[in-house]
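First up is the structure itself, then whatever we jot down about it.
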Protein chains: 2
Amino acid sequence: MDFSSTALRVLRQVADSGSFTAAASQLGYTQSAISRQAAALERSAGAVLFERRSDGVRLTPAGLTLLRHARTILESVAAAEQEITASAAPTALVRLGMFPSAGAVLLPGVLARLATAAPHITVTTREGTTPALLRALRAGSIDIAVLTSRPPHRPSDGESPRLHIEPVEDTELLLGAPTTGLFAGRTAVHVDELVDAPWIAAPSTSTEPLLGVWPGLPGRPRIVHTTRDWLTKLQLVAGGFGVTTIPSRMSAVLPPGVSALRVQGVPQEVRRILTARLPGRPEPGITEVLRAVTSAL
Amino acid sequence: MDFSSTALRVLRQVADSGSFTAAASQLGYTQSAISRQAAALERSAGAVLFERRSDGVRLTPAGLTLLRHARTILESVAAAEQEITASAAPTALVRLGMFPSAGAVLLPGVLARLATAAPHITVTTREGTTPALLRALRAGSIDIAVLTSRPPHRPSDGESPRLHIEPVEDTELLLGAPTTGLFAGRTAVHVDELVDAPWIAAPSTSTEPLLGVWPGLPGRPRIVHTTRDWLTKLQLVAGGFGVTTIPSRMSAVLPPGVSALRVQGVPQEVRRILTARLPGRPEPGITEVLRAVTSAL
DNA sequence: CATCTGGTATGCGTAGTGCGCATGGACTTC
DNA sequence: GAAGTCCATGCGCACTACGCATACCAGATG
């Protein structure tokens with residue numbers, strides 16, 4: 001019989017929320033994850049803890065028993081956390097989440113700016129997709145999310161609490177192509193030249209609009225490599241193995257052998273960079289970091 | 001900040017034992033595992049908890065703080081366990097650990113015997129290597145270990161507590177070969193016929209004496225397939241893709257196409273089957289299962 | 001009844017974690 | 001300095017956690 005504190009938190013939240021789905025959105029997980037956590041908890045407790053009903057979940061007697069202990073355990077955990085972190089250095093911590101290419105193109109600028117403007121702030125970062133970052137934000141595991149969106153820039157999702165969203169900059173999607181070869185010496189290409197191009201894309205989950213390939217091309221694109229890592233992508237392009245899309249700000253950090261080209265013959269592809277945070281008055285450190293993100297661009 | 005109860009148990013045991021190594025053997029882990037658990041615990045607590053000294057480990061102030069809370073948390077966990085299992089059915093549970101091929105050749109017999117002789121006993125089983133089973137036994141996560149040993153049958157390991165070990169049966173190692181083909185119609189082979197045979201072995205960790213290949217053959221054996229699974233092994237043999245060693249008791253459950261042959265020209269290879277349990281007077285359920293194991297053979 | 005709208009379970013694929021094995025470095029003891 | 005402690009760590013493997021997509025189920029609504 002072995003419990004992790006996350007499992008106990010799940011139990012508590014399910015008890016408080018009355019359903020797996022609600023608990024999931026409170027905790028920043030998907031419903032699937034909560035369902036499995038619940039099943040695992042029952043397995044490790046050796047008893048049925050949840051009574052699944054058509055309108056949600058209620059705790060069985062065994063579940064209520066465990067809940068009682070879970071609350072005291074979680075209190076102890078919180079107390080321990082309190083005591084231990086109290087003795088540590090009191091530097092302000094801001095947890096930043098951002099879309100993957102932000103790490104290369106704007107994180108260094110943000111950190112550099114903060115190092116002089118607000119050296120007492122410690123920034124930790126993590127990467128993620130837009131939905132993952134929004135979940136993390138609502139769950140309180142990050143303080144700021146740096147996102148991209150494509151037009152039309154509707155308010156991302158309709159869940160509550162409404163997030164405080166602020167546009168930072170509109171940027172243009174460009175084509176990353178080998179400096180030598182087919183497009184050598186050019187500064188732009190026509191979209192018709194791309195229909196049969198070999199693309200280097202991100203692994204897609206069939207739900208996302210296929211990152212890395214120019215949007216709206218007719219037919220099925222010819223994807224020759226897939227990788228999540230930007231350095232890999234760019235080195236593949238430099239090696240002449242394909243082309244990929246790049247945000248315009250990334251042209252500042254392209255390795256030798258890769259050129260950024262505009263694409264003509266179609267309307268500009270605009271990507272908006274924006275920040276999201278929970279509503280209400282932010283802590284001063286968060287404001288400081290938001291300012292650094294805005295001005296680093 | 002997220003703690004699993006195993007991590008807290010590790011903390012407590014390290015505090016009580018005074019070293020990672022001692023805690024490891026108490027808890028049935030390797031030293032390596034404890035070292036990593038400790039590092040992970042420090043990472044998740046965000047503080048240095050252990051002071052590594054040349055003669056062991058002592059807790060830092062932060063470690064002592066967490067230890068205090070860990071004890072109360074573990075008490076709550078134990079209390080929860082108590083309450084929940086108290087309301088469950090009071091069937092005796094015996095946890096059996098055994099070497100891999102025992103599952104096929106003797107577990108069915110043991111369970112059948114128990115079903116009539118002691119139907120109130122619930123038996124759970126797991127497989128493992130001899131050292132893993134001995135660790136589990138000492139750690140209290142299994143009640144009985146069913147092991148094999150090869151001569152000389154020395155007392156397995158010298159650690160304390162001394163285990164209560166009882167031989168069950170001596171059995172002979174045989175050769176599993178395709179019924180048709182090179183050895184068709186034979187009941188025995190000479191060891192010289194095996195020097196260039198294609199072997200189907202278990203994946204070896206270079207520390208074990210290479211299971212599945214006849215021991216003591218000159219030269220390096222020609223291993224054509226490796227698998228841990230007995231059914232796979234036997235089906236490969238049946239298909240004529242190689243030969244392997246089998247314990248003599250398994251000849252009762254060989255699939256069609258596989259024959260068990262004696263090996264001549266060398267002394268019999270004897271494998272002893274034995275049971276191990278912690279010393280002292282065993283619970284009645286354990287005695288019952290031990291008796292079933294002995295008499296099922 | 002058909003359908004829709006809440007809910008939970010589950011197959012699948014992937015990234016991450018836990019752990020054993022082997023080894024290496026630091027320190028103590030003889 | 002040789003041997004015996006101890007802890008840390010690279011490697012490989014199996015397992016787990018989780019997200020996505022989908023299936024399924026019960027009650028409300030047409």
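Protein chains get the first letters and strands the later ones, always in sequence-line order, with residue 1 at the start of each.
The CD atom of A/Glu127 sits 19 Å away from the P atom of C/dT14 (whole-angstrom rounding). One can place CZ of A/Arg135 at 11 Å from P of D/dC18, the figure rounded to the nearest angstrom. For the pair A/Arg126 CZ and C/dG16 P, the interatomic distance rounds to 11 Å; values are reported in whole Å. In this structure, A/Leu27 atom CG and D/dC18 atom P are separated by 11 Å, rounded to whole Å. In this structure, B/Asp2 places its CG atom 10 Å from P of C/dG18, rounding to the nearest Å.
B/Ser44 and B/Asp2 share no side-chain donor-acceptor pair at under 3.5 Å.
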Checklist entry - Base, backbone or nothing for each nucleotide of nucleotides 2-12 of chain D, written B, S, -, heavy atoms under 4.0 angstrom, 5' to 3'? => result ----SBBBBB-
Interface polar pairs with nucleotides 13-17 of chain D, N/O, under 3.5 angstrom:
{"residue": "D/dA14", "atom": "OP1", "partner": "B/Arg228", "partner atom": "NH2", "Å": "3.3"}

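Annotation: salt bridge (charged side-chain N to carboxylate O under 4.0 Å, His left out) contacts involving residues 18-32 of chain A, sequence neighbours excluded, are absent. Among residue pairs with one or both ends in residues 31-49 of chain A, those qualifying as salt bridge (charged side-chain N to carboxylate O under 4.0 Å, His left out) are A/Glu42-A/Arg52; sequence neighbours excluded.
The side-chain heavy atoms of A/Met250 and A/Ser101, taken from C-beta on, include a pair separated by under 4.5 Å. Side chains of A/Val77 and B/Phe3 form a contact here, defined as non-hydrogen atoms less than 4.5 Å apart.
In terms of the salt bridge (Lys or Arg N to Asp or Glu O under 4.0 Å) criterion, A/Glu75 has no residue partners (sequence neighbours excluded).
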Name each donor-acceptor pair under 3.5 Å that joins a side chain in residues 11-22 of chain A to protein atoms two or more places apart or in another chain, with its distance.
{"residue": "A/Gln13", "atom": "NE2", "partner": "A/Ser17", "partner atom": "OG", "Å": "2.8"}
{"residue": "A/Asp16", "atom": "OD1", "partner": "A/Arg71", "partner atom": "NH2", "Å": "3.1"}
{"residue": "A/Ser17", "atom": "OG", "partner": "A/Gln13", "partner atom": "O", "Å": "2.9"}
{"residue": "A/Ser19", "atom": "OG", "partner": "A/Thr21", "partner atom": "N", "Å": "3.4"}
{"residue": "A/Ser19", "atom": "OG", "partner": "A/Ala22", "partner atom": "N", "Å": "2.9"}

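Nearest heavy-atom pair across B/Ser76 and A/His69 is O-ND1, 3.7 Å.
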